S.K.: 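Before we start, here is the structure in question, set down as structure tokens.
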Amino acid sequence: MKFGGTSVGRPERMHQVKDLITRGDEPTIVVLSALSGTTNALVGISDALAAGDKSLAKERIDALHAHYLEFYPALLKKAPTQAKAEAIIREHFEFLNILLKISFNEAINRDILAQGELISTKLFYTLLEELEIPAVFLPALDFMSIDENSEPELGKISEKLTAILSKYPDGRLFITQGYICKNHKNEVDNLKRGGSDYTASLIAAAIKASVCEIWTDIDGMHNNDPRIVDRTRPIAELSFDEAAELAYFGAKILHPASIWPAQLHKVPVRLLNTMDPSAQGTLIKETVESRGVKAIAAKDGITAIKIKSSRMLLAYGFLRRIFEVFEKYKTPIDMITTSEVAVSVTIDDLSHLEQIIAELRAFGTVEVDRDQAIICIVGNMVSETKGAIKSVMDSLVDIPIRMVSYGGSRHNVSILVDAQYKIPALKSLNEGVFRW
Ligand code: ADP
Ligand code: ASP
Ligand code: MG
């Protein structure tokens with residue numbers, strides 16, 4: 001069971017989490033995020049330190065510290081556990097304050113980002129102690145690891161976690177941190193923003209759990225982004241493939257990579273609402289019945305690159321040479337479209353854009369469009385349901401489309417538009433493709 005930032009962000013919510021994790025019979029691993037707002041605040045502290053602005057960093061550390069000094073007395077009622085919580089908070093803020101005195105580097109940045117999950121799990125564990133609910137504290141840094149390409153090492157995670165769990169044959173509740181891990185240099189690292197979902201799915205796969213529950217602040221995956229579009233509704237069931245596409249292409253409710261581990265071991269994933277635990281939520285599993293468009297998501301910060309060359313005409317090996325450039329710079333491609341004489345691809349990692357462009361120029365003229373958005377439409381596009389693609393295109397008649405990718409899989413159409421058209425596209429698709 002994974003609980004996100006808002007689910008643990010207030011003392012009374014932590015109490016609710018306690019109720020939810022103690023009502024079932026199965027042994028449970030509980031994965032917690034940092035309290036909502038904490039990781040953003042830690043990023044702010046890191047940014048100030050990176051910019052050499054120690055007084056701003058200090059101001060931010062003190063503001064976050066004040067938040068925790070208010071939080072714990074509302075969470076805990078007994079003097080001994082309050083004293084424990086105070087000591088936990090003191091230790092972590094002493095650590096942050098020491099960083100004001102030493103020189104900043106990337107490893108320190110990651111240490112800073114890890115503080116949120118470390119504090120939230122320790123405070124929650126202290127709450128369980130106060131309520132005399134038996135539980136085992138499992139430090140994620142003892143078993144969660146990534147390799148030199150920042151990919152989780154599922155085999156090792158599984159081995160280590162199984163060995164640790166075998167020490168507690170009667171354990172019923174285990175509390176651990178989402179998001180944080182060790183990297184190949186044995187430094188503290190993380191699974192990128194929103195990574196607690198990924199932790200939960202990796203753990204579920206590592207121990208072949210019966211289910212992976214992601215508890216958040218909404219009643220499941222909605223058919224469109226509820227922050228942008230009115231009248232969205234939860235989807236009862238999604239296949240792993242559909243959920244993976246939606247997560248990867250921008251549905252913020254799930255970390256982009258959080259589906260594959262569960263899918264690998266066919267562990268069903270449930271998205272549930274901490275604020276409304278009886279809501280049905282979304283069940284993600286191997287196969288589901290799908291007709292027509294099920295959901296839409298959008299991913300910002302996309303750059304499109306077009307390589308145009310008459311040498312591409314009737315030539316073989318052209319695409320391979322182009323893709324090798326992206327491979328060399330470890331830059332994943334999201335969308336691809338081709339014509340006889342040109343190929344367009346999209347990327348969202350711009351760290352090596354200049355080198356990539358320079359090398360692609362060897363193959364022809366290169367055009368770059370920044371600030372694009374991918375609109376991802378997921379459902380059964382090729383089923384008996386006629387007109388799924390027609391309703392998509394009809395909805396977008398007023399929107400200039402830069403690329404379309406259809407047929408890569410039977411459940412996805414991706415459309416690239418300039419970022420300024422993202423919101424209008426999401427809104428008109430909502431009107432056009434879902435029957436109300
Ligand atoms: P947590 O802190 O629990 O991980 P997140 O904020 O990461 O929660 O994700 C939940 C939020 O995702 C929701 O509050 C909602 O605003 C947003 N969201 C974006 N797209 C969707 C979608 N398609 N369905 C449901 N929620 C979505
Ligand atoms: N606390 C981390 C973040 O805010 C991880 C998570 O919440 O999933 O990104
Ligand atoms: Mg999240």
Side-chain angles (χ1 to χ4, degrees), residues 1-10 13 16-17 20 31-44 46 64 110 112-121 140 144 176-181 189-203 212-236 238 242-259 269-276 279-282 284 293-300 375-379 422-423 426 429-430 434:
M1 299 173 81
K2 174 261 174 177
F3 295 86
T6 32
S7 303
V8 292
R10 289 208 212 130
R13 298 246 166 90
Q16 225 174 329
V17 170
L20 290 168
V31 175
L32 300 184
S33 294
L35 314 196
S36 52
T38 293
T39 310
N40 285 344
L42 293 168
V43 169
S46 239
L64 189 62
R110 294 190 301 254
I112 294 174
L113 297 182
Q115 300 306 307
E117 272 71 11
L118 292 171
I119 302 177
S120 68
T121 47
M144 262 297 155
T176 191
Q177 299 89 18
Y179 180 59
I180 62 173
C181 60
D189 211 317
N190 60 66
L191 301 173
K192 311 270 160 56
R193 295 306 305 274
S196 299
D197 303 328
Y198 204 8
T199 302
S201 176
L202 287 162
I203 289 180
C212 172
E213 296 183 352
I214 310 265
W215 290 82
T216 181
D217 57 2
I218 190 163
D219 53 351
M221 175 80 79
H222 278 220
N223 61 344
N224 206 329
D225 192 329
R227 296 165 304 173
I228 295 177
V229 176
D230 298 330
R231 294 196 304 146
T232 61
R233 53 183 155 81
I235 307 164
L238 284 169
E242 290 169 341
E245 301 261 18
L246 288 169
Y248 186 74
F249 287 111
K252 195 219 164 203
I253 184 170
L254 283 174
H255 178 283
S258 58
I259 293 298
V269 177
R270 275 186 188 280
L271 308 181
L272 294 157
N273 190 351
T274 311
M275 322 304 151
D276 181 8
Q280 184 188 11
T282 300
I284 303 167
V293 176
K294 277 179 107 169
I296 299 166
K299 184 170 169 179
D300 297 301
I375 313 283
C376 168
I377 298 126
V378 163
K422 178 184 106 171
I423 292 174
L426 287 179
L429 281 166
N430 213 54
F434 298 120

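This is a predicted model, so every value here is computed, not measured. Both ligands and their constituent atoms are indexed starting at 1 by order of listing. For the numbers below, each heavy atom of this structure counts, side chains included, while hydrogens, waters and symmetry mates do not.
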S.K.: Using only heavy-atom distances, determine whether the side chains of R193 and N40 contain a donor-acceptor pair under 3.5 Å.
M.R.: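 Side-chain D/A pair, R193 to N40: present.
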
S.K.: Considering heavy atoms of the protein only, find what lies nearest to atom 3 (C) of ligand 2 and give residue, atom and distance to 0.1 Å.
M.R.: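 Residue, atom and distance for the closest contact: R193 NE, 3.3 Å.
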
S.K.: What is the closest protein heavy atom to atom 3 (O) of ligand 1, and at what distance does it sit?
M.R.: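 Scanning the protein heavy atoms, the shortest distance from atom 3 (O) of ligand 1 goes to T216 OG1, 2.7 Å.
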
S.K.: Enumerate the atoms of ligand 1 whose separation from the nearest heavy atom of K252 is less than 4.0 angstrom.
M.R.: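 Every atom of ligand 1 under 4.0 Å from some heavy atom of K252: 5 (P), 6 (O), 7 (O), 9 (O), 12 (O), 19 (C), 20 (N).
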
S.K.: Below 4.0 angstrom from a heavy atom of G220, which ligand 1 atoms are there? Numbered from 1 as shown, please.
M.R.: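 By the 4.0 Å cutoff, the relevant atoms are 24 (N), 25 (C).
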
S.K.: May I ask which of I253, N224, T6 has a heavy atom nearer to atom 9 (O) of ligand 1 than the others do?
M.R.: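 Residue with the shortest heavy-atom distance to the ligand atom: I253.
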
S.K.: Just jot down the ligand 2 atoms closer than 4.0 angstrom to any heavy atom of T39, in number order.
M.R.: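 Checking each atom against T39, I get 1 (N), 2 (C), 3 (C), 4 (O).
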
S.K.: Nearest non-hydrogen contact with atom 15 (C) of ligand 1 belongs to which option: G194, P226, P234?
M.R.: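 When every heavy atom of G194, P226, P234 is considered, P226 comes closest to atom 15 (C) of ligand 1.
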
S.K.: I'd like the name of whichever of H222, H255, R227 reaches closest to atom 24 (N) of ligand 1 through any heavy atom.
M.R.: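 Among H222, H255, R227, the closest heavy atom to atom 24 (N) of ligand 1 belongs to H222.
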
S.K.: Short list, please: which atoms of ligand 1 are under 4.0 Å from a heavy atom of D217?
M.R.: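 Numbered from 1, ligand 1 contributes 10 (C), 11 (C), 13 (C), 14 (O).
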
S.K.: With atoms numbered from 1 as shown, which atoms in ligand 2 lie under 4.0 angstrom from a non-hydrogen atom of E117?
M.R.: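 It comes down to these atoms of ligand 2: 1 (N), 2 (C), 5 (C).
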
S.K.: Relative to the heavy atoms of S33, which atoms of ligand 2 are at a distance of less than 4.0 Å?
M.R.: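 Answer, ordered by atom number: 6 (C), 7 (O), 8 (O).
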
S.K.: Which of the numbered atoms in ligand 1 are under 4.0 angstrom from any heavy atom belonging to M221?
M.R.: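 Under 4.0 Å from M221, ligand 1 has these atoms: 23 (N), 24 (N).
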
